[in-house]
Amino acid sequence: MRRGGVPRGRVLFPLPRHRSGHGFAPGRAARGDRRRGGGACLDVPDTVIVGGGVIGSSIAYHLARLGAAVTVYDPAGGPDSPSATWASAGGVRSQNRDPREWALTVEAAGRWPTLAEELEAPTGFRREGQLRVVERASDLPPVEERVRHERAAGIDVHMVGPAEMAELAPGLIEGLVGGSYTPGDGQADPPATARAFAGAARRHGASFHIEPVDTIEVRDGAVQGIVARGRSVPAGLVVLAAGAWSVEMASSAGLRLPIEAIALQMLLTDPGPPARLPTVTAEGAVLSLKQLEGGELLVGGGWPAAVDRDPLACHVTDQSRDGNWALAARIYPAAAERRIARSWCGVESRSLDGVPLLGPLERPRGLWVAVGFSGHGFQLSPAIGRALADQLAGKSVPALDGLSAARAAGETEART
Ligand SMILES: Cc1cc2nc3c(=O)[nH]c(=O)nc-3n(C[C@H](O)[C@H](O)[C@H](O)COP(=O)(O)OP(=O)(O)OC[C@H]3O[C@@H](n4cnc5c(N)ncnc54)[C@H](O)[C@@H]3O)c2cc1C
């Protein structure tokens with residue numbers, strides 16, 4: 001587990017005692033207007049979600065759909081610069097993920113094609129596949145092994161040879177030895193998807209406030225609610241889903257979460273003639289290259305931008321821009337004929353081991369987290385919302401095993 005970057009201090013990262021079973025406490029009725037709630041009305045505490053990016057909005061939708069009373073707070077009122085959802089490349093990728101995310105990624109992959117219909121609003125999803133190219137023969141055996149495991153986990157992925165790759169993506173660099181291909185992957189529009197979740201959540205009775213949460217209120221080891229613009233708002237449950245801002249928000253509840261704020265940047269070219277091109281990534285290289293509907297190339301893959309503080313923001317660096325662009329032009333030489341028209345960055349929370357922290361904390365009771373997406377939370381967003389809503393409703397959710405806050409135990413002890 002990586003240890004750098006998280007502030008040191010005496011405040012511990014509390015661990016949940018159980019993986020599930022932290023469901024809604026009985027005895028307090030939900031107050032939501034469940035006009036279209038299809039499920040049973042739960043006897044639940046009122047829930048405040050801190051953050052209305054794609055993750056907070058997905059949780060709001062899935063919870064409200066179950067009949068819970070949900071209120072979302074976000075100062076931006078939706079995805080805006082420099083949030084991760086605003087900046088995101090929108091890659092819908094199910095391959096080359098940490099095994100702990102496999103169950104969620106399979107579930108999400110199954111939902112993307114019909115998500116817009118379900119939410120009654122566009123998500124911009126386009127199924128164009130993702131091709132992860134391999135340049136060195138020595139890299140092939142581990143990729144083949146990964147693909148075997150992913151297939152066994154239900155991910156729709158297979159190996160392709162050079163001839164098939166040339167068919168799938170004409171114009172790639174010569175001499176590639178193979179690749180792994182996920183035909184069901186593609187891209188979507190992150191701000192539109194967040195708005196679609198939020199709109200559907202509203203139709204199920206959730207309310208959204210365009211205000212920042214100042215602090216999470218804790219008394220006697222339990223969450224009491226939040227303070228927004230100096231006003232106390234009682235809540236039985238608070239879900240922290242404020243992306244990179246979660247680090248500060250958690251400290252308002254006396255916690256140091258094992259996450260840090262990072263920034264990632266993107267490049268967009270001017271439009272060019274449409275080509276046959278799935279999203280292209282490369283084994284052993286930091287690259288993601290996709291073609292947008294207008295023929296522009298969107299280039300990224302995880303190149304760092306610089307993080308600014310007070311207020312939290314970011315700026316693009318020349319070093320990352322040049323490195324990313326050189327790599328894109330090497331793997332896909334036609335990119336070199338384009339001009340970079342725009343670049344931007346967004347802030348994201350990264351966990352110590354690169355996968356999200358999802359679920360309840362032991363203390364304070366009533367505080368749940370959905371943080372640490374580490375640059376790849378967008379594809380998972382439909383499944384994250386479903387899984388956390390079910391867990392909040394008291395169901396056992398095996399897909400969250402391995403992603404619970406409990407795995408931070410080693411880090412916590414290391415800092416005591
Ligand atoms: C450049 C870039 C490219 C990416 N590309 C991909 C990709 O191709 N595929 C993929 O799967 N993932 C990708 N990701 C990751 C993905 O976009 C994120 O994991 C996901 O958007 C995280 O959503 P979020 O809702 O947790 O965070 P955010 O979108 O950052 O939302 C956090 C929200 O909290 C709000 N907030 C801040 N302070 C407060 C407060 N005090 N009170 C209340 N609310 C507050 C903010 O206004 C913001 O709206 C990328 C990320 C970046 C930065």
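Numbering of ligands and ligand atoms starts at 1, following listing order. Along the sequence shown, residues are numbered consecutively beginning with 1.
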| remark: atom 27 (O) of ligand 1 has as its nearest protein heavy atom Gly243 CA, 3.7 Å
| Does any N/O atom on Gln379 come nearer than 3.5 Å to any N/O atom on ligand 1? | yes
| field | Contact check: Gly375 vs ligand 1, nitrogen or oxygen atoms, below 3.5 angstrom | value | yes
| task | Using distance alone, determine whether Asp74 and ligand 1 share an N or O pair under 3.5 Å. | result | yes
| request: Please determine if Phe378 has a nitrogen or oxygen closer than 3.5 Å to a nitrogen or oxygen of ligand 1. | output: yes
| query | Does even one non-hydrogen atom of Pro75 get within less than 4.0 Å of ligand 1? | reply | yes
| message | Quick check: do Asp46 and Thr71 have side-chain heavy atoms less than 4.5 Å from each other? | response | no
| message | If the contact criterion is a heavy-atom separation under 4.0 Å, does Gly300 count as touching ligand 1? | response | no
| message | With no hydrogens and no angle check, just 3.5 Å: does a side-chain donor-acceptor pair link Tyr61 and Glu118? | response | yes
| task | Tell me, please, whether Phe208 has Arg202 positioned over its six-membered ring: NZ or CZ under 6.0 Å from the ring centre and within 45 degrees of its axis? | result | yes
| request: Using distance alone, determine whether Met266 and ligand 1 share an N or O pair under 3.5 Å. | output: no
| message | Please list, in number order, the atoms of ligand 1 under 4.0 Å from a heavy atom of Glu348. | response | 15 (C), 16 (C), 18 (C), 19 (O), 22 (C)
| query | So does Asp270 pair up with Arg339, basic N to acidic O under 4.0 Å? | reply | yes
| query | Looking at ligand 1, does any of its N/O atoms fall within less than 3.5 Å of an N/O of Gly377? | reply | yes
| request: Answer yes or no: is there a side-chain heavy-atom contact under 4.5 Å between Tyr181 and Leu168? | output: yes
| request: Please identify which atoms of ligand 1 are closer than 4.0 Å to at least one heavy atom of Phe373. | output: 19 (O), 26 (O)
| request: May I ask whether Ala244 has any heavy atom positioned less than 4.0 angstrom from an atom of ligand 1? | output: no
| said: Other residues, nucleotides and ligands only: do more than 12 of their heavy atoms fall within 6.0 Å of CD on Gln319? | reply: no
| said: Check contact between Pro79 and ligand 1, using heavy atoms of the residue and a distance below 4.0 angstrom. | reply: no
| request: Answer yes or no: is there a side-chain heavy-atom contact under 4.5 Å between Val299 and Leu287? | output: yes
| said: Quick check on contacts: which atoms of ligand 1 are under 4.0 angstrom from a heavy atom of His376? | reply: 10 (C), 11 (O), 12 (N), 15 (C)
| Is Ala84 close to ligand 1, meaning an N/O of one under 3.5 Å from an N/O of the other? | yes
